[in-house]
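Positions are given from 1 along the sequence. Remember, it's 1-based here, ligands and their atoms both numbered in the order they're listed. Predicted model only: the values in this text are computed from it and were never measured.
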Amino acid sequence: MMTSPVLEVSNLAVRYGKIEALHQAAIEVGAGQIVSVIGPNGAGKSTLLNAIMGALPQTGHASGRIAYLGEEIGVLPIERRVARGMCLVPEKRELFASMTVEDNLVLGAYRRKRAGERNFLDQLDHVFQLFPRLKERRAQAAGTLSGGERQMLAVGRALMGKPDLLMLDEPSLGLAPLIVKEIFHIISALRQTGVATLLIEQNARAALQISDYGYVLETGDLALEGPASELAENPRVIETYLGLAKKPV
Ligand SMILES: Nc1ncnc2c1ncn2[C@@H]1O[C@H](COP(=O)(O)OP(=O)(O)OP(=O)(O)O)[C@@H](O)[C@H]1O
Ligand SMILES: [Mg+2]
């Protein structure tokens, strides 16, 4: 059976004033897939995610086609995209620092509550299962969490909204290798819930390891793409993004 992909982006261009930060981007994310976009600082990774979410700053202007579950959504405001099941965990995690872990999670279900869903908190147990540390710290103020725990909370809060498309902007940013491993393991496990994940990362190795498909974004252009396992073997990717470990010392 052929079904339309969860996300299908084509000819997407974004400019900030006169500067075009993203040129003619085309990406696709299928149901239950993890797709990653890797690339260096300033390549346009956050720009791509923000454009898909409708969360560009006022100075940003996107053109092109963004289809979600087969429907063009490029003109919808961010709230309508959220209401349809799209969720972005932005680079700045935007937690409510003085509120507890649990209250932050409950807020993640706010849209479902407002939509009149009776069991809007039904994901809480699942989130606590995925992140036992958040359960232990449910009464702790979010602002006092470690960087890794904050990242877990940001992802957990996104899951409370039961998204169909989860977009993560550099979940490994600033985290120690062990925590990165833990978080990527959890993202990988989410596949079983059927959620489609678009993952933006500079940590190419970790991202490609858990992804089905990958894209390389360089100064606004999608320079390379392919199944994640093939990209990880690509000499250019190895040289530029995975190289360190393979270089002789
Ligand atoms: N609001 C803005 N106004 C003008 N230029 C912007 C704006 N936001 C981003 N840019 C520019 O667009 C380009 C892409 O930025 P973007 O934040 O998308 O990169 P990135 O790949 O996410 O980088 P990083 O890995 O550092 O987060 C950069 O050259 C940046 O300076
Ligand atoms: Mg970024």
query = In terms of atom number and element, which parts of ligand 1 are under 4.0 angstrom from non-hydrogen atoms of Pro57?
reply = 1 (N)
task = Give the single entry among Pro40, Ala21, Ser46 that approaches atom 22 (O) of ligand 1 most closely by any heavy atom.
result = Ser46
Ligand 1 contact by Gly39, heavy-atom criterion under 4.0 angstrom = no
query = Of the listed options (Lys18, Lys45, Glu170), which comes nearest to atom 21 (O) of ligand 1 when hydrogens are ignored and any heavy atom counts?
reply = Lys45
task = Please confirm if an N, O or S atom belonging to Glu170, backbone or side chain, lies less than 2.8 Å from the Mg ion (ligand 2).
result = no
request  = Within a distance under 4.0 Å of any heavy atom of Thr47, pick out the atoms of ligand 1 and give their elements.
outcome  = 14 (C), 15 (O), 16 (P), 18 (O)
request  = Begin from the C-alpha positions of Val216 and Val37 and carry the test side chain to side chain contact (heavy atoms under 4.5 Å, CB included) through to its verdict.
outcome  = CA-CA 6 Å; Val216 179; Val37 178; over 6 Å; no
request  = May I ask you to check if any N/O/S atom from Ser46 comes under 2.8 Å of the Mg ion (ligand 2)?
outcome  = yes
query = If only atom types and distance count, is the side chain of Asn11 paired as donor or acceptor with the main-chain N or O of Gln24 below 3.5 Å?
reply = no
task = For Asn41, counting its heavy atoms only, list the atoms of ligand 1 lying under 4.0 Å from any of them.
result = 23 (O), 24 (P), 25 (O), 26 (O)
Salt bridge present between Asp212 and Arg191 (N-O < 4.0 angstrom) = yes
ask   = When you check the gap from the basic side-chain N to the acidic O, do Arg111 and Glu117 get nearer than 4.0 Å?
value = no
query = Taking atom CG of Asn50 and atom NZ of Lys45, what is their separation to the nearest 0.5 Å?
reply = 12.0 Å
Check: Glu225/Tyr213 side-chain N/O donor and acceptor closer than 3.5 Å = yes
key: Electrostatic pair Glu79-Arg84, nearest N-O below 4.0 angstrom   = no
query = Relative to the heavy atoms of Gly44, which atoms of ligand 1 are at a distance of less than 4.0 Å?
reply = 14 (C), 16 (P), 18 (O), 19 (O), 20 (P), 21 (O)
ask   = Which atoms from ligand 1 have a heavy atom of Gln202 less than 4.0 Å away?
value = 25 (O)
task = Tell me which one of Gly42, Ala43, Gly17 gets a heavy atom nearest to atom 23 (O) of ligand 1.
result = Gly42
query = Taking atom types as modelled and ignoring hydrogens, do the side chains of Thr100 and Gln140 form a donor-acceptor contact shorter than 3.5 angstrom?
reply = no
